[in-house]
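Every number for a ligand or one of its atoms is a count from 1 in the order of the listing.
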Amino acid sequence: MLNVVVCVSGGGTNLQAILDAVESGKITNTRIAGVISNNAGAYALERAKAKKIPAVCISPKEYETREAFNQALLQGVDELKPDLIVLAGFLVNIPAEMVQAYRGRIINIHPSLIPSFCGKGYYGLKVHEGVLARGVKVTGATVHFVDEGTDTGPIICQKAVCVKQDDTPKVLQQRVMEEAEWQLLPQAIDWIANGRVQIQDGKVFIK
Ligand code: GRF
């Protein structure tokens with residue numbers, strides 16, 4: 001049974017997709033052990049509580065220094081004994097000590113086709129604003145392992161989504177979530193829970 005901790009910052013639609021997929025059996029061999037948010041007002045926390053899943057806020061505002069927050073975050077994660085940490089719209093730079101402690105066991109969903117429109121400054125709506133500003137015809141989403149960089153770890157799965165001429169950033173974000181993110185993240189978790197994911201020379205192979 002894969003013990004999963006989900007880290008969130010916002011509305012939690014990706015978390016909801018995971019919870020629904022566990023409930024429906026689309027994700028097997030998996031238990032959501034807890035949800036951690038850096039934002040006390042994150043609706044994602046309400047979504048977890050509705051399913052009776054332990055949900056806590058560990059906010060940088062509660063700590064004097066970033067180092068103290070990083071330690072509290074790592075401790076909060078450790079206490080849940082995760083086999084896998086899922087970053088589902090988590091707008092916090094993962095501390096290096098956490099990447100080291102959980103190397104190969106942290107995944108992230110990014111709302112573009114990495115390596116396009118990713119890295120520093122590309123998060124949330126900003127990703128889709130960049131897509132529309134560049135005029136690309138296809139975008140999508142990516143699930144990848146987390147390493148010390150930003151959106152630079154080995155790619156697990158991706159899905160393309162068409163950009164429409166009258167798209168606004170909000171409309172495009174919603175389509176990318178519906179058509180890509182909410183499919184990819186549960187898929188990746190189920191593959192990992194069933195031992196189907198292998199990393200070789202920085203590339204991911206699905207058995
Ligand atoms: C959205 O911008 C989504 O594209 C990205 O994180 C943001 C919040 O998602 N993955 P969620 O609704 O909190 O899952």
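- How far CE of Met177 is from CH2 of Trp182: 5.5 Å, rounded to the nearest 0.5 Å.
- Sorted by first and then second residue, the salt bridge (Lys or Arg N to Asp or Glu O under 4.0 Å) pairs with a member in residues 176-196 form an empty list; sequence neighbours excluded.
- Of the protein's heavy atoms, Gly12 N, 2.8 Å lies nearest to atom 13 (O) of ligand 1.
- Here the heavy atom of the protein found nearest to atom 6 (O) of ligand 1 is Gly89 CA, 3.4 Å.
- Of the heavy atoms in His110, none comes closer than 4.0 Å to ligand 1.
- Put simply, no part of Ala44 is less than 4.0 Å from ligand 1, judged by heavy atoms.
- Remark: minimum distance from atom 2 (O) of ligand 1 to any protein heavy atom is reached at Gln173 NE2, 2.6 Å.
- Ligand 1 places these atoms under 4.0 Å from at least one heavy atom of Glu181: 3 (C), 4 (O), 5 (C), 10 (N).
- The CD1 atom of Ile109 lies 9.5 Å from the OG1 atom of Thr13; values are rounded to the nearest 0.5 Å.
- Listed for the His110 side chain is a donor-acceptor partner under 3.5 Å among the backbone atoms of Phe117.
- Ligand 1 has no nitrogen or oxygen under 3.5 angstrom from a nitrogen or oxygen of His128.
- Between atom CD of residue Gln198 and atom NZ of residue Lys207 there is a gap of 4.5 Å, rounded to the nearest 0.5 Å.
- Asn29 and Asn194 share a donor-acceptor pair across their side chains, judged by distance under 3.5 Å alone.
- Nearest to atom 9 (O) of ligand 1 among the protein's heavy atoms is Asn14 ND2, 3.7 Å.
- Taking both residues in full, the closest heavy atoms of Thr142 and Ile114 are given as OG1-N, 3.1 Å, listed atom of the first, atom of the second, then distance.
- Close approach of ligand 1 to Pro111 is summarised as follows: ligand atoms under 4.0 Å from at least one heavy atom of the residue are 4 (O).
- Protein heavy atom closest to atom 12 (O) of ligand 1, with residue, atom name and distance, is Thr13 OG1, 2.6 Å.
- With ligand atoms numbered from 1 in the order given, ligand 1 contributes 2 (O) to contacts under 4.0 Å with heavy atoms of Gly124.
- Each of the atoms 13 (O) of ligand 1 lies under 4.0 Å from some heavy atom of Gly10.
- The side-chain contact (heavy atoms from CB on, under 4.5 Å) test with Pro111 singles out one residue from Leu172, Val131, Thr139, Val176, and that residue is Val176.
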